[in-house]
Amino acid sequence: MTKKENNQLRIGIEAYAFAREFIYKSRGENQYKAGDIYLLLDELYSAKIGVDHETKALKNETPTSAEEKLRKRYQSNLDLVKTRYGFDFNFQEKSLDAQFEGYPNRIHSMCKDYLSEFCFYFSDETLRVAINNWNPPGDLLYFLIVLRYAIECDFRIKFNYRKLMFPLLPTTRTILPKLITLKDNHLGIIGVDSQDKQTKSFLLSRISNLQTNFVRAFRERPEDNARSAPFNYAEYLAHNPSAKYHKEVKEYEISISLNNLDLLKHSHLNTIPITILHQDDKAAKIVLKTHDEWAVFDMLFNYETYAKLIGPADVLRKFNDKFERLRLHYNSQTVPLKKSARKKGRR
């Protein structure tokens with residue numbers, strides 16, 4: 001798709017998501033009419049290109065006439081959404097969600113197309129994880145739209161968050177989002193936590209219950225000259241301990257078959273630097289330099305006898321202890337126990 005077509009698609013996706021949020025899901029005085037959606041779209045789009053959405057052409061129109069002109073202005077965007085994702089809808093309460101919420105592939109396609117326009121980096125797999133953990137899954141699309149505007153316009157968002165260590169005890173977080181990207185095979189938001197002013201990473205799959213009034217937040221966004229400095233992702237990775245989940249970078253020495261070394265180079269771990277110390281016609285001795293111990297252990301379990309951890313000694317002891325606990329667990333009749341809290345750090 002061309003840049004113009006991508007922009008048209010973005011506006012169409014936003015129109016659909018706003019209608020679903022403000023017409024289908026809302027009730028009473030908070031419920032929008034179709035004309036309100038078109039006015040909101042025009043306000044957002046006009047602010048982006050730097051013109052007043054209350055144009056002279058519309059000021060002299062009756063409300064009905066102005067609404068019809070706006071509808072025609074954005075009809076092609078909605079038609080593009082209908083054509084690309086293969087479903088029909090109109091801004092009526094009973095039909096708006098019927099062909100969306102129950103179709104995971106459609107939700108994934110729309111989220112993927114929208115996310116690809118502003119996400120630093122992501123994968124299909126991590127996006128599916130996020131969708132599968134949202135309840136309902138279709139709400140993720142609206143969240144991504146709010147997130148995009150929050151990043152672009154420098155306003156805070158509020159949501160519930162379930163930390164990895166305490167998944168049954170969600171807490172309310174207010175953050176100033178800076179970036180959404182893939183890190184350590186997780187899709188997450190990097191943002192400044194309003195409580196302690198620290199820049200942290202929040203996994204998208206562990207977020208729920210968005211509590212931000214998007215329209216109010218957008219209209220009350222800071223002026224351009226009052227916004228925070230641009231986010232420096234490279235500096236964050238280099239100096240912020242949260243970027244590495246507070247894990248020490250270690251060099252993992254591994255003996256691995258050549259076939260599995262090739263698999264490793266084409267897996268999700270391909271971002272980890274690989275140093276080949278020695279190689280013959282069957283196997284190689286390599287070093288993986290990373291802070292992500294979990295990823296290395298997962299790889300070793302998956303590759304079974306085709307890879308073997310050699311060092312460092314403390315990690316080898318830890319891996320053997322884990323293997324022994326698993327062996328005893330599977331040879332017993334005990335049921336899985338509640339996992340004890342790990343050391344603070346990994347989200």
Side-chain angles (χ1 to χ4, degrees), residues 111 114-123 126-127 129-130 133-134 140 143-167 169-214 217-218 220-250 268 271-273 289-295 341-347:
C111 287
Y114 193 82
L115 192 59
S116 64
E117 287 292 298
F118 75 103
C119 183
F120 186 81
Y121 183 64
F122 74 100
S123 68
T126 54
L127 178 56
V129 169
N133 280 279
W134 273 71
L140 179 60
F143 178 84
L144 293 177
I145 292 170
V146 176
L147 175 64
R148 177 178 188 157
Y149 279 96
I151 293 173
E152 291 181 354
C153 301
D154 205 39
F155 63 77
R156 290 173 174 79
I157 59 174
K158 185 177 180 181
F159 51 79
N160 287 350
Y161 189 71
R162 294 173 291 114
K163 294 183 67 173
L164 183 63
M165 295 179 291
F166 307 104
L169 298 173
T171 57
T172 301
R173 302 296 187 92
T174 300
I175 70 166
L176 182 63
K178 296 295 184 179
L179 186 77
I180 179 169
T181 189
L182 186 66
K183 189 72 174 64
D184 298 318
N185 208 35
H186 295 285
L187 186 57
I189 301 168
I190 299 172
V192 180
D193 193 326
S194 295
Q195 185 172 358
D196 58 15
K197 311 303 180 185
Q198 297 296 310
T199 304
K200 304 173 182 177
S201 176
F202 301 87
L203 302 188
L204 189 61
S205 61
R206 293 186 169 275
I207 292 174
S208 62
N209 189 27
L210 176 66
Q211 299 164 46
T212 299
N213 184 316
F214 167 67
F218 176 78
E220 296 176 356
R221 66 193 183 281
E223 296 291 338
D224 291 348
N225 59 3
R227 295 181 182 179
S228 55
F231 181 65
N232 189 322
Y233 185 44
E235 184 177 333
Y236 169 79
L237 291 176
H239 302 294
N240 193 305
S242 295
K244 299 182 179 180
Y245 300 107
H246 303 287
K247 293 285 188 177
E248 178 186 356
V249 174
K250 292 189 176 182
H268 66 275
T271 56
I272 297 177
K289 187 175 181 180
T290 180
H291 62 273
D292 197 345
E293 182 179 272
W294 284 15
R342 296 186 180 89
K343 292 181 180 180
K344 186 176 180 180
R346 189 176 182 101
R347 295 188 178 280

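Positions are given from 1 along the sequence.
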task: Measure across K200 and D196 and return the closest heavy-atom pair with its distance rounded to 0.1 Å.
output: NZ-OD2, 2.7 Å
- prompt: Heavy-atom distance under 4.5 Å between the side chains of N160 and Q211, does that happen here?
  reply: yes
message: Nearest 0.5 Å, please: how far is NE2 in H186 from CG in D292?
response: 7.0 Å
message: A cation-pi test, strictly: NZ or CZ of R148 under 6.0 Å from the centre of the six-membered ring of Y114 and no more than 45 degrees from its axis. Yes or no?
response: yes
- prompt: If we only count heavy atoms from C-beta on, is the L140 to L204 side-chain gap below 4.5 Å?
  reply: yes
message: Using every non-hydrogen atom in the two residues, find where K178 and F231 come nearest and quote the distance to one decimal.
response: CB-CG, 3.6 Å
message: Within the supplied structure, the quantity of interest is the number of heavy atoms (other residues, nucleotides, ligands) at a distance under 6.0 Å from Y233 OH; does it exceed 12?
response: yes
field: Separation between CZ of F214 and CD1 of I145, rounded to the nearest 0.5 Å
entry: 8.0 Å
- request: Give a yes or no on this: more than 12 heavy atoms of other residues, nucleotides or ligands lie within 6.0 Å of atom CD of E117.
  value: yes
- request: Please check if any side-chain donor atom of K158 sits under 3.5 Å from a side-chain acceptor atom of S194, or the reverse.
  value: no
message: A side-chain contact here means heavy atoms from C-beta on lying under 4.5 Å apart; do R227 and E152 qualify?
response: no
- request: Decide yes or no for T181 and I190: does some side-chain heavy atom of the first lie under 4.5 Å from some side-chain heavy atom of the second?
  value: yes
task: Report the distance from atom CZ of R162 to atom CD1 of I207, rounding to the nearest 0.5 Å.
output: 10.0 Å
task: Over 60° means perpendicular and under 30° means parallel, so classify the ring planes of W134 and F143, tilted if in between.
output: tilted
- prompt: So which heavy atom on F159 is nearest to which on S208, and how close?
  reply: CB-O, 3.6 Å
message: Walk me through whether I157 and I175 qualify under side-chain contact (heavy atoms from CB on, under 4.5 Å).
response: CA-CA 6 Å; I157 59 174; I175 70 166; 3.9 Å; yes
field: K289 versus V249, closest heavy-atom pair with distance
entry: CG-CG1, 3.7 Å
- request: Would you check if L115 and I180 make a side-chain contact, meaning some heavy-atom pair closer than 4.5 Å?
  value: yes
statement: Minimal heavy-atom distance between P177 and I189, with the atoms involved, is CB-CG2, 4.0 Å
message: To the nearest 0.5 Å, what is the distance between OH on Y161 and CG on L203?
response: 4.0 Å
message: So which atom in F122 and which in L127 form the shortest heavy-atom distance, rounded to 0.1 Å?
response: CE1-CD2, 4.2 Å
task: For the pair F218 and F155, evaluate ring pair (Phe, Tyr, Trp, His ring centres under 6.0 Å) and give the outcome as yes or no after the intermediate values.
output: CA-CA 7 Å; F218 176 78; F155 63 77; 7.1 Å; no
task: Look up atom OG1 in T212 and atom CG in L147, then write down how far apart they are to the nearest 0.5 Å.
output: 10.5 Å
field: Short N-O contact, R221 and D154, less than 4.0 angstrom
entry: no
statement: Output for pair (S205 OG, L187 CG), nearest 0.5 Å, gives 8.0 Å
